[in-house]
Protein chains: 2
Amino acid sequence: MNATPPPPRYVAIAEALRARILAGDWPPGHPIPTEASLMAEFGCSRMTVYRALWGLAEAGLITRRRRAGSHVAAPRREEAVFGIHDIEAEIARSGAPYRYERLSRALRPAGRAERARLGLAGPAEVLALGARHFAGPRAFVLEDRLIHLAAVPAARSESFATVPPGRWLLSHVPWNEAEHRISAEPAGAFEAAALAIPRGAPLLVLARRTWSGEVPVTAVRLCYPGPDYALVGRFRPGG
Amino acid sequence: MNATPPPPRYVAIAEALRARILAGDWPPGHPIPTEASLMAEFGCSRMTVYRALWGLAEAGLITRRRRAGSHVAAPRREEAVFGIHDIEAEIARSGAPYRYERLSRALRPAGRAERARLGLAGPAEVLALGARHFAGPRAFVLEDRLIHLAAVPAARSESFATVPPGRWLLSHVPWNEAEHRISAEPAGAFEAAALAIPRGAPLLVLARRTWSGEVPVTAVRLCYPGPDYALVGRFRPGG
DNA sequence: TGGGCGAATATGTATAGACAAATACGCCGC
DNA sequence: GCGGCGTATTTGTCTATACATATTCGCCCA
């Protein structure tokens, strides 16, 4: 019945150009019309054209250089964006009932290996946690986490008996930098027992370290049993 | 000697606000001053303030709503951006000499499984390729690829005896949508032989499908041997 | 032929002003 | 107290203009 409201003009301009690029009419390196000629073509002011082109440049579809003009960008290297949600949400999406179980909790001075894992130079106190996450009856993830107590003092008094540390940290630590590392490893004795899989079976291991500013906050190692689980990401250049 | 030129004002404003947010002075949900008051604070026009806030909103640091104003955003779910380069560049970065070896090449009508892998409904012709990539003496990746010939007719006459198909496609197919799937699987007989690892050893499997517009272009399965390889990504919210 | 320098050109930043659109808030009537 | 409605507030879009800045192009001179 009611037509959707027309998009802003700068969006319309960007879409028109994007379509021509994605259709292959303009191959990589092909010049984009100058702002002046786009003003004439679309009958609008230069700021509006500028905003359209700025968006395309930010999306990586075009490059812009003073005096040289705008050109279709060479295909970027592919980048996959994987949403790594907190585990409860991840399982909830699959429909299975979620259950969390704390396996261990220890508060201690960080050993050499633990300092390395967190990227700490000097001595520090850490909270070491082990936990399992279940999707229905199946152990879905095995979690092995260190929390740097100097960075998150409030964690000291948390038992994490029922609250998953990932969720708790997300709502208590404001902003971080994160490093992710994904690898495949054979299950050791502990992982095999905890996940009810054979020793040596492949594990998808996601190791993540996060910082708040310059201060390491937490290092977590999530083990997903074998081929049951996959990280999936979709990527659209300039999408 | 020479000081760096001062950043544009809108960058300076954005940085000032970003600093306050990242320092935790303004927790999630905290209101950002209105554009009008930021105009006064920084002594500039509304468009300049708007541009600064727009950038922060795009980066996900703040949310903006008409009448309600701007607020510090709740921590987003974590997202990892993994650069997935073409394999040659990936190995070159590690310093080892790169070698490519084509194992097989077959041009045939797509079977049922191959159509499913590419996401094709009707009949189609595909080019099936098998290849190995070496870093020094070690087999680094096993590649198993399908190319949809209707989408990339030029591939029909390519032998891919010396040119890796990934690199060739990157420079011949303009823009695509890509789907990535990362999982851990045990090595089968073929993978074990090709990569010189034991059967059942963990493989990091990266499956990628790409489209050009609506048309499937290629489906590739890259098998990395076990714990030797890891995908690493860094992520900064609003960075 | 080659190198340097100036000018033309396209983008980058910023201003002031105007109107549009969404919506939170308070007023008013019940 | 409560529900509905008008309005003020805040952001979203757009115009017209001005000047800054980077870089290419071409001219001129050696």
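Note that the coordinates shown come from a computational prediction; the quantities given were computed from them, not determined experimentally.
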Check the pair A/R64 / A/S70 against side-chain hydrogen bond (donor to acceptor under 3.5 Å, both in side chains), numbers first and verdict last.
CA-CA 4 Å; A/R64 313 196 74 204; A/S70 307; 3.0 Å; yes
Checklist entry - Could you go step by step and tell me if B/H148 and B/T218 meet the side-chain contact (heavy atoms from CB on, under 4.5 Å) rule? => result CA-CA 6 Å; B/H148 182 207; B/T218 183; over 6 Å; no
Problem set entry | Evaluation steps, side-chain contact (heavy atoms from CB on, under 4.5 Å), between B/V220 and B/L222 | CA-CA 6 Å; B/V220 62; B/L222 300 169; 3.9 Å; yes
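Taking the six-membered ring where tryptophan is involved, the planes of B/H133 and B/Y100 are tilted, since the angle between them lies from 30° to 60°. Ring-plane geometry between B/F140 and B/Y224 is classed as perpendicular, the angle between the planes exceeding 60 degrees on a 0 to 90 degree scale with a lower cut at 30.
Computed from coordinates, the A/W54 CH2 to C/dA14 P distance equals 11 Å when rounded to whole Å. Per the geometry, CD1 belonging to B/I13 stands 12 Å off C1' belonging to C/dT13, to the nearest Å. Between the CZ atom of B/R65 and the P atom of D/dA8 there is a distance of 21 Å, rounded to whole Å.
The side chain of B/R64 contributes an N or O atom lying less than 4.0 Å from OP1 or OP2 of D/dG12. Put simply, A/Y10 has no side-chain N or O that comes within less than 4.0 Å of OP1 or OP2 on D/dC14.
DNA chain D lies under 4.0 Å from at least one heavy atom of each of the following residues of residues 34-51 of chain A: A/C44, A/S45, A/R46, A/M47, A/T48, A/R51.
Looking at B/E125 and B/R115, no side-chain N of the basic residue comes within less than 4.0 Å of a carboxylate O on the acidic one, giving no salt bridge. With respect to the salt-bridge test (charged N to carboxylate O, under 4.0 angstrom), the residues B/R117 and B/D144 qualify.
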Identify the pairs formed between an N or O of the protein and an N or O of nucleotides 20-22 of chain D at a distance under 3.5 Å, and give each distance.
| residue | atom | partner | partner atom | Å |
| --- | --- | --- | --- | --- |
| D/dT21 | O2 | A/R66 | NE | 3.3 |

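Residue B/E35 forms a salt bridge (Lys or Arg N to Asp or Glu O under 4.0 Å) with just one option from B/R66, B/R46, B/R51, and that option is B/R46.
The side chain of B/R9 sits closest to C/dA14 out of D/dT15, C/dT11, C/dA14.
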